[in-house]
*Asks:* 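One structure, as structure tokens, below. Some questions next.
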2 protein chains.
Amino acid sequence: MMNKNLTQRQQEVFDFIQQYIEVNGYPPTLAEISEKLSIQPNAARTHLLLMQRKNVLRYVPNISRGIELLKQKRHGIPIYGTAPAGHPFLSQENVVENFEVRNYISASTDVFGVYVRGDSMKDAMLVSEDLVFVDPKKTPRNGEIVVALVEGEPTIKRYYKEANAIVLKPENKKYQPIIIQKSDDGFRILGVVIGVIRSLDKKKIDTLVEEHKAYGKASVN
Amino acid sequence: MMNKNLTQRQQEVFDFIQQYIEVNGYPPTLAEISEKLSIQPNAARTHLLLMQRKNVLRYVPNISRGIELLKQKRHGIPIYGTAPAGHPFLSQENVVENFEVRNYISASTDVFGVYVRGDSMKDAMLVSEDLVFVDPKKTPRNGEIVVALVEGEPTIKRYYKEANAIVLKPENKKYQPIIIQKSDDGFRILGVVIGVIRSLDKKKIDTLVEEHKAYGKASVN
DNA sequence: ATACATACTGTAAAAATATACATCATTGAT
DNA sequence: ATCAATGATGTATATTTTTACAGTATGTAT
């Protein structure tokens with residue numbers, strides 16, 4: 001994250017502070033900065049004052065470790081509700097909440113993400129390059145979509161528990177269901193899919209719509 | 001974020017520290033904590049030492065503001081690549097990256113989110129309750145999906161620029177395109193849709209698949 | 001050539017912070 | 001009934017951290 005306005009030395013100071021906070025959880029003292037850069041505390045102080053003018057950090061005099069890095073406070077994305085007509089839509093007042101994935105998909109703390117590959121779930125609207133969020137703590141119910149390890153390979157399928165076996169159904173007629181016998185080793189449910197996120201560009205939109213419409217025709221065969 | 005193991009007083013201390021860091025960017029001194037809770041600095045110190053034993057924070061003696069809150073370091077969600085067979089899939093080594101929406105949808109810094117309502121874009125796989133990410137800085141190209149303000153009402157449609165007008169096409173045969181004359185006032189493009197996120201539970205999955213299959217039948221009529 | 005901003009050194013002093021005792025009250029567990 | 005853990009007070013002291021001066025040097029734009 002190079003700040004174009006900063007001089008080389010200032011950037012070094014900035015980087016050190018950033019790293020220090022990452023490691024320690026609190027900002028460094030002037031002495032710590034100066035030691036690292038082999039300069040005097042006073043020189044470090046000057047840097048902070050100059051950088052403050054450039055608005056990349058806040059330096060509070062007389063406060064030990066009174067350094068706050070600005071800019072990269074880009075946390076969450078504002079979400080606007082459906083504003084009442086008349087109001088300027090994009091105003092602060094219409095911010096309903098701030099987006100944080102963890103809040104949005106509200107799952108246990110150890111959710112993880114996996115990219116979808118292939119088209120075996122395309123009828124459930126999961127296509128290649130989508131990123132699915134998986135909750136490993138959740139026990140799958142029939143019909144839910146799960147990520148499972150079948151013979152060492154991760155796969156995304158619909159889950160159905162039957163008398164003596166577990167059936168993993170793809171959502172695409174081109175593919176056959178996978179049947180897991182109770183004795184099967186090398187099989188493991190990694191978790192339940194609780195969300196998807198898709199990055200859209202024009203090409204992706206077009207592909208999606210094509211596939212979607214093709215489905216209609218295919219189903220008449 | 002209530003920590004079950006903490007006593008009430010400890011929770012108060014924890015909450016204050018959290019809030020203080022949020023506001024100032026660096027942790028408080030013992031004196032600041034003690035002042036807020038109307039106790040002696042020494043008492044505050046004891047709390048920190050006790051809480052450290054409970055692993056909710058780190059307190060470094062002799063270091064001013066030497067407090068680091070632990071636990072809520074839950075930033076981003078780990079994303080696993082498709083692991084080579086044999087490797088334990090869910091191991092740290094397979095973490096490809098850490099999920100941050102802003103990185104994922106890679107847009108200008110002022111992206112925002114809006115919830116989708118209605119089914120006018122259902123054929124482009126945008127359904128009610130989906131959250132779309134919108135980039136206000138991006139200029140729409142023909143065929144891209146945009147969020148626009150039409151007579152004060154926000155709406156999501158496909159964008160097409162024609163000789164004398166702009167056409168906003170829904171992706172659902174039930175609805176008619178909206179045609180905007182150049183002179184039209186009260187019309188404004190708010191941004192281009194660059195991503196979607198959907199929270200999935202079993203009910204939502206079922207609804208999606210139902211609608212998706214129904215599309216096939218409808219399109220044969 | 002001459003400001004001006006950056007990038008320092010070095011030292012003493014001032015201010016901000018943390019800590020060591022000594023002491024006490026309350027509560028829950030053995 | 002007593003121990004251990006929590007939650008405190010209060011004061012003097014030690015330590016950490018910042019700051020005020022007083023200088024020096026270098027490059028760059030005017």
Side-chain angles (χ1 to χ4, degrees), chain A residues 2-71, chain B residues 2-71:
Chain A
M2 176 68 181
N3 274 303
K4 219 175 62 187
N5 341 318
L6 295 186
T7 66
Q8 197 181 311
R9 207 63 173 139
Q10 288 170 356
Q11 186 67 49
E12 284 175 50
V13 175
F14 189 92
D15 289 346
F16 170 68
I17 298 173
Q18 190 168 294
Q19 197 204 107
Y20 186 102
I21 293 177
E22 177 70 30
V23 173
N24 299 285
Y26 45 81
T29 61
L30 296 180
E32 282 164 336
I33 298 172
S34 64
E35 201 179 314
K36 179 71 178 195
L37 304 211
S38 307
I39 53 176
Q40 295 291 318
N42 242 336
R45 188 161 183 269
T46 315
H47 284 307
L48 294 183
L49 289 168
L50 288 172
M51 285 161 94
Q52 178 164 45
R53 279 220 310 253
K54 294 184 178 176
N55 259 305
V56 298
L57 53 75
R58 202 161 59 92
Y59 173 65
V60 190
N62 282 307
I63 296 292
S64 68
R65 301 167 193 272
I67 304 168
E68 176 180 20
L69 299 188
L70 304 173
K71 298 282 178 191
Chain B
M2 176 66 180
N3 274 304
K4 218 174 65 189
N5 342 318
L6 295 186
T7 66
Q8 197 180 310
R9 206 61 172 143
Q10 287 169 356
Q11 185 67 48
E12 283 175 51
V13 175
F14 188 92
D15 289 346
F16 169 68
I17 298 172
Q18 188 168 292
Q19 199 204 106
Y20 186 100
I21 293 177
E22 177 71 31
V23 173
N24 298 286
Y26 45 82
T29 61
L30 296 180
E32 281 163 339
I33 298 171
S34 64
E35 200 179 313
K36 181 69 176 197
L37 304 212
S38 307
I39 55 178
Q40 294 291 316
N42 242 335
R45 189 163 182 270
T46 315
H47 284 308
L48 294 184
L49 289 168
L50 288 172
M51 285 161 93
Q52 177 165 47
R53 281 221 307 254
K54 293 184 179 175
N55 259 304
V56 298
L57 53 77
R58 201 162 62 90
Y59 173 65
V60 190
N62 281 306
I63 296 292
S64 68
R65 302 169 193 272
I67 304 167
E68 177 181 19
L69 298 187
L70 304 174
K71 299 283 179 193

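Within every chain, numbering begins at 1; the chains are lettered A, B, ... in the order of the sequence lines, protein sequences first and strands thereafter.
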*Asks:* Name all residues meeting the salt bridge (Lys or Arg N to Asp or Glu O under 4.0 Å) criterion together with B/E35; count only those two or more places apart in sequence or in a different chain, and write none if there are none.
*Replies:*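 Salt bridge (Lys or Arg N to Asp or Glu O under 4.0 Å) check on B/E35 returns nothing, list empty.
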*Asks:* Would you say D/dT6 has OP1 or OP2 under 4.0 Å from some side-chain N or O of B/R53?
*Replies:*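 True: B/R53 side-chain N/O within range (under 4.0 Å) of D/dT6 OP1/OP2.
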*Asks:* What parts of residues 32-41 of chain A reach DNA chain D, counting only heavy atoms under 4.0 Å away?
*Replies:*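 The answer is none.
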*Asks:* About how many Å separate CG of B/L57 and CD of B/Q18, when rounded to the nearest 0.5 Å?
*Replies:*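 That separation rounds to 11.0 Å.
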*Asks:* The helix from C/dA1-D/dT30 to C/dA29-D/dT2: angle between its terminal axes, five pairs each, to 10°?
*Replies:*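 End-to-end axis angle: 40°.
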*Asks:* Taking all non-hydrogen atoms of both residues, which atom of B/I63 and which atom of A/R65 are closest, and how far apart?
*Replies:*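 Looks like CG2-NH2, 2.9 Å.
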*Asks:* Of all residues at least two apart in sequence or in a different chain, which pass the side chain to side chain donor-acceptor pair (under 3.5 Å) check with A/T46?
*Replies:*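 Scan of A/T46 (side chain to side chain donor-acceptor pair (under 3.5 Å), adjacent residues dropped) gives none.
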*Asks:* Looking at B/H47, does any N or O in its side chain come under 4.0 Å of the phosphate oxygens OP1/OP2 on D/dT6?
*Replies:*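 For B/H47, the contact criterion (side-chain N or O under 4.0 Å from OP1 or OP2 of D/dT6) is not met.
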*Asks:* Rounded to the Å, how far apart are A/N42 CG and D/dT19 C1'?
*Replies:*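 Atom CG in A/N42 sits about 7 Å away from atom C1' in D/dT19.
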*Asks:* Within residues 59-67 of chain B, which residues have any heavy atom lying less than 4.0 Å from an atom of DNA chain C?
*Replies:*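 Heavy-atom contacts with DNA chain C come from B/Y59, B/P61, B/N62, B/I63, B/S64, B/R65.
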*Asks:* Considering every strand and a 4.0 Å limit on heavy-atom distances, what is the contact class for B/T46: base, sugar-phosphate, or nothing?
*Replies:*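 Since no nucleic acid heavy atom lies under 4.0 Å of B/T46, the category is nothing.
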*Asks:* Can you tell if the side chain of B/Q10 reaches within under 4.5 Å of the side chain of B/T7, non-hydrogen atoms only?
*Replies:*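 Counting from C-beta outward, B/Q10 and B/T7 do come under 4.5 Å.
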*Asks:* Can you tell me how far C1' of D/dG7 sits from CG of B/L48, to the nearest Å?
*Replies:*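 To the nearest whole Å, that distance equals 13 Å.
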*Asks:* Going 5' to 3' along DNA chain C, between which two nucleotides do contacts with chain B fall, using a heavy-atom cut-off of 4.0 Å?
*Replies:*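 Going 5' to 3' along DNA chain C, contacts run C/dT17 to C/dC21.
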*Asks:* Holding to side chain to side chain donor-acceptor pair (under 3.5 Å), I want the full list of residues that pass it with A/S34, two or more places apart in sequence or in another chain.
*Replies:*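 Checked A/S34 against side chain to side chain donor-acceptor pair (under 3.5 Å); zero matches.
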*Asks:* Would you please name every residue forming a side chain to side chain donor-acceptor pair (under 3.5 Å) with A/E12, sequence neighbours left out?
*Replies:*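 With sequence neighbours excluded, A/E12 shows a side chain to side chain donor-acceptor pair (under 3.5 Å) to A/R9, given in chain and number order.
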*Asks:* Between atom CG in B/L49 and atom P in D/dA5, what is the gap in whole Å?
*Replies:*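 Atom-to-atom, B/L49 to D/dA5, this comes out as 14 Å.
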*Asks:* Suppose we screen for side chain to side chain donor-acceptor pair (under 3.5 Å). Which residues come up paired with B/Q19, at least two apart in sequence or across chains?
*Replies:*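 For B/Q19 there are no side chain to side chain donor-acceptor pair (under 3.5 Å) partners, ignoring immediate neighbours.
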*Asks:* Return the CD1 to NE2 distance between B/I17 and B/H47, rounded to the nearest 0.5 Å.
*Replies:*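 Nearest 0.5 Å value for the CD1-NE2 distance: 10.0 Å.
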*Asks:* Between A/P28 and A/I33, what is the shortest heavy-atom contact and its length?
*Replies:*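 That closest heavy-atom pairing would be CG-CG1, 3.8 Å.
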*Asks:* What distance separates B/L30 CG from B/Q40 CD, expressed to the nearest 0.5 Å?
*Replies:*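 So the gap between those two atoms works out to 11.5 Å.
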*Asks:* Starting at the 5' end of nucleotides 25-30 of chain D, put B wherever the base has a protein heavy atom under 4.0 Å, S where only the sugar-phosphate does, and a dash everywhere else.
*Replies:* ------
*Asks:* Rounded to the nearest 0.5 Å, what separates atom CD1 in B/I67 from atom CE in B/M51?
*Replies:*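 Separation between the atoms: 9.0 Å.
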*Asks:* Strictly by ring-ring contact (aromatic ring centres under 6.0 Å, His included), give each pair with a member in residues 18-45 of chain A just once, sequence neighbours left out.
*Replies:*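 For residues 18-45 of chain A, and leaving out neighbouring residues, the ring-ring contact (aromatic ring centres under 6.0 Å, His included) pairs sorted by first residue read A/F16-A/Y20.
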*Asks:* Using atom types as modelled and distance alone, determine if a side-chain donor or acceptor of B/R58 lies under 3.5 Å from a backbone N or O of A/N24.
*Replies:*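 Pair found, side chain donor or acceptor close to backbone of A/N24.
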